[in-house]
Amino acid sequence: MSNPLRPPRGPHGAPAPDSRDHTGTPHGAPPPPRPDSATPVEPSGARRPTPAARLLESRHIGWAALTAALALPLVIATPYALNVMTGAALFVMLAVGLNIVVGYCGLLDLGYAAFFAVGAYTSGILAIELDIPLLATVPAVLVVTVVAGLVIGAPTLRLRSDYLAIVTLGFGEIIRITATNLEITGGPSGIYGIPGLWGDGPTDPALFYYITVGVVALAVLFAARLGRSRLGRAWRFVREDEDAAAAMGIRPHRVKLAAYVAGAVWGGLAGVLFGAQLSAVSPASFTFLWSALVLMAVVLGGMGSTPGVVAGAIAISLAPELLRQVQDYRFFVFGVLLIVVMVLRPQGLWPQRTRESARTAARSSARPTGTPASVAREESA
Amino acid sequence: MSLLEVEDLRLTFGGVRALDGLSFTVGHGEIVSLIGPNGAGKTSAFNCVTGFYRPDSGTVRFDAVDVTGRSPAAIAQLGVSRTFQNPRLFGELSVLDNVRAGTHLWLRQRMVDVLLHTPRYHRTEQRVTDEAHMWLDFVGLRGDRAGLVRHLPYGEQRRVEIARALARRPRLLFLDEPAAGLNHGERTELVDLIRRISAQGTALALIEHDMGLVMEISQRVVVLDFGRRIADGPPAQVRSTPRVIEAYLGRDTDDSELAAARGVIRGD
Ligand SMILES: Nc1ncnc2c1ncn2[C@@H]1O[C@H](COP(=O)(O)OP(=O)(O)OP(=O)(O)O)[C@@H](O)[C@H]1O
Ligand SMILES: [Mg+2]
């Protein structure tokens with residue numbers, strides 16, 4: 001996929017502005033315990049990021065996107081528009097959840113809608129049967145999606161990635177067909193009359209939109225933060241080279257399972273909101289097309305890139321609306337557009353940054369006290 | 001008792017006997033080299049010991065614990081680290097991230113801290129980054145640490161791989177042909193690096209075809225041929241063993257070739 005002969009690329013495909021230095025901090029740190037005769041020369045004072053680059057820092061974009069999402073109902077607040085916008089927000093949550101599995105961990109999951117369905121059905125059925133508010137079903141949904149993730153993931157994640165794709169595709173269909181045939185899930189017509197989040201009738205669309213945006217914003221933030229943790233790094237190590245990761249003491253199967261379960265939880269919680277929005281769920285909502293569309297959002301936006309995946313999800317969920325002019329051909333036009341984009345930009349529209357930011361790459365000015373071994377002891381204490 | 005004890009390992013691939021009753025040991029803090037002709041089974045031996053291959057029979061004991069057949073991750077957890085004959089780095093990740101992989105086993109991070117970005121989260125991340133820089137300094141990496149590792153020249157990539165293995169703080173480090181593809185200057189630095197690793201108290205087992213380097217730094221040399229140990233001892237002793245010279249040239253050699261082979265094995 002990646003061509004080693006190409007120069008490093010910046011976030012927008014332009015050659016990276018600067019590939020000289022790694023920190024931008026002055027070289028003030030004392031040498032390591034046994035200094036190398038050839039201590040590296042660190043060019044100090046990396047070029048400061050351009051204003052454009054600083055605007056594109058994910059933190060700022062995040063705030064800008066959230067502000068836009070919150071301000072949108074002030075511009076357009078028809079029930080239809082609110083419905084579409086709520087749908088787009090839910091789609092963002094799905095894409096971010098699938099991005100943990102596909103983007104971070106490199107597991108091709110073609111049946112992601114299964115977890116969306118598990119969440120929607122679990123909360124809907126519990127709320128109706130026990131006559132409790134939808135919100136009260138969330139703990140149960142968490143438990144059920146985690147269990148579903150473990151049960152489906154534990155055997156399948158041992159497979160090579162191409163088999164994994166087929167098996168997850170199968171599981172997606174099995175869940176949908178099961179829902180079609182069980183009595184408790186209401187068969188082909190599904191379940192309806194799902195109570196609102198607080199139990200009484202459907203929540204006001206504008207309020208529901210704001211709640212959704214709030215939940216989705218947290219989901220995006222948490223997924224991104226997971227990606228920048230010890231676990232998130234382990235996901236990427238396993239994606240890049242399972243054997244090399246194992247040589248560092250990382251258990252690939254466990255790490256993959258963690259990604260799969262995290263994806264399941266994100267999908268399941270999105271399912272709860274989905275049920276609340278429509279107050280009905282049926283098997284028709286969880287077809288393979290859904291799984292494919294979410295995957296498309298991830299790939300189109302840029303696997304592993306939070307802003308890319310969010311943008312991809314918004315684009316994919318709004319495309320049918322924008323392509324309404326061409327009604328019958330819209331999936332065709334959509335497909336062609338997608339192919340064009342993937343040919344021109346295989347790494348996605350907004351790919352993951354390839355250079356680490358100066359902030360995360362900087363060493364602390366004060367060196368950690370003690371020898372490496374004493375630091376290790378302190379850590380594991 | 002030795003840190004690593006390998007006993008009577010057997011491993012076959014189809015009809016090929018990669019290992020045929022191989023035994024050897026690595027003592028605490030020792031530098032042991034595995035040498036032998038191409039296909040002698042050196043890498044296979046490493047792979048069996050580090051859990052990447054499961055031997056057909058035989059035992060591997062690390063620090064008196066039988067680890068035969070355990071997974072690579074389980075063996076790494078006991079304090080073993082390695083590099084690969086062809087460097088296997090995480091190509092699409094930054095140099096720093098590659099080395100951070102080595103900290104996985106000792107870093108503790110709680111989920112709450114990660115999600116809420118508490119000061120404790122920032123402290124642990126800073127510690128990991130400092131640690132990665134420290135090992136990159138230790139191996140003498142020149143070049144961009146925040147950029148992708150695959151953009152580094154080959155020799156630098158080999159350094160990153162060693163830094164990653166060191167960040168795990170192993171008690172025993174396996175290096176598979178660390179000098180392969182290095183230029184003269186890099187080779188000299190490698191000798192120095194191996195000495196500094198050893199000075200930390202880390203035991204080293206290395207596979208190497210560069211006889212000069214082997215004779216220079218090894219405390220003991222184990223010679224393999226056809227999956228068996230044919231010699232084992234201090235460098236000076238091993239290089240005068242007739243079987244070793246035979247193994248490197250084949251049996252029917254005339255005197256001038258033999259003399260040349262002696263030269264190769266001595267590293268002159
Ligand atoms: N995964 C494998 N599948 C099949 N055969 C293998 C495999 N690994 C090693 N072998 C065979 O086992 C024998 C020993 O190979 P090994 O790689 O251990 O040799 P080596 O001593 O490391 O050689 P070199 O110096 O060339 O690296 C060779 O005949 C090789 O072809
Ligand atoms: Mg080899």
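First the proteins, then the strands, lettered A, B, ... as listed; each starts at 1. Since this is a predicted model, take the numbers as computed values, not measurements.
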Margin query: Under 4.5 Å from any heavy atom of chain A, what part of V95(B) do you find: side chain, backbone, both or neither?
Written below: neither
Check: Between R225(A) and F222(A), is NZ or CZ placed under 6.0 angstrom from the six-membered ring centre and within 45° of the ring axis?
Finding: no
Note to self: Does any backbone or side-chain atom of F52(B) lie under 4.5 Å from a heavy atom of chain A? Answer side chain, backbone, both or neither.
What the structure shows: side chain
Checklist line | Between L221(A), L226(A), D243(A), the one whose heavy-atom pairs under 4.5 Å with chain B are most numerous | finding: D243(A)
Notebook entry, point to check: For the candidates M111(B), E161(B), Q126(B), which exhibits the highest count of non-hydrogen atom pairs separated by less than 4.5 Å from chain A?
Noted result: Q126(B)
Check: Centre of Y104(A)'s six-membered ring, under 6.0 Å away, within 45 degrees of the axis: is that where NZ or CZ of R236(A) sits?
Finding: yes
Note to self: One pair to check against side chain to side chain donor-acceptor pair (under 3.5 Å): E30(B) and Q219(B). What are the steps and the verdict?
What the structure shows: CA-CA 7 Å; E30(B) 200 180 10; Q219(B) 285 156 17; over 6 Å; no
Check: Honestly, is R239(A) close enough over F237(A), meaning NZ or CZ under 6.0 Å from the six-membered ring centre and within 45° of the axis?
Finding: no
Item checked: Residue selection (most heavy-atom pairs with chain B, distance under 4.5 Å) from A223(A), G304(A), A246(A) -> A246(A)
Item checked: Side-chain ion pair, R230(A) and E125(B), N-O less than 4.0 Å -> no
Margin query: Taking D113(B) first and then R110(B), would you say they form a salt bridge - that is, a charged N and a carboxylate O separated by under 4.0 Å?
Written below: yes
Next item on the list: Quick one: which of A76(B), P72(B), A74(B), A101(B) has the most heavy-atom pairs under 4.5 Å with chain A, could you say?
Entry: A101(B)
Item checked: Closest-packed option against chain A by number of heavy-atom pairs under 4.5 Å, given D97(B), L78(B), T83(B) -> D97(B)
Margin query: Please classify the contact of T50(B) with chain A as side chain, backbone, both or neither, using a heavy-atom distance under 4.5 Å.
Written below: neither
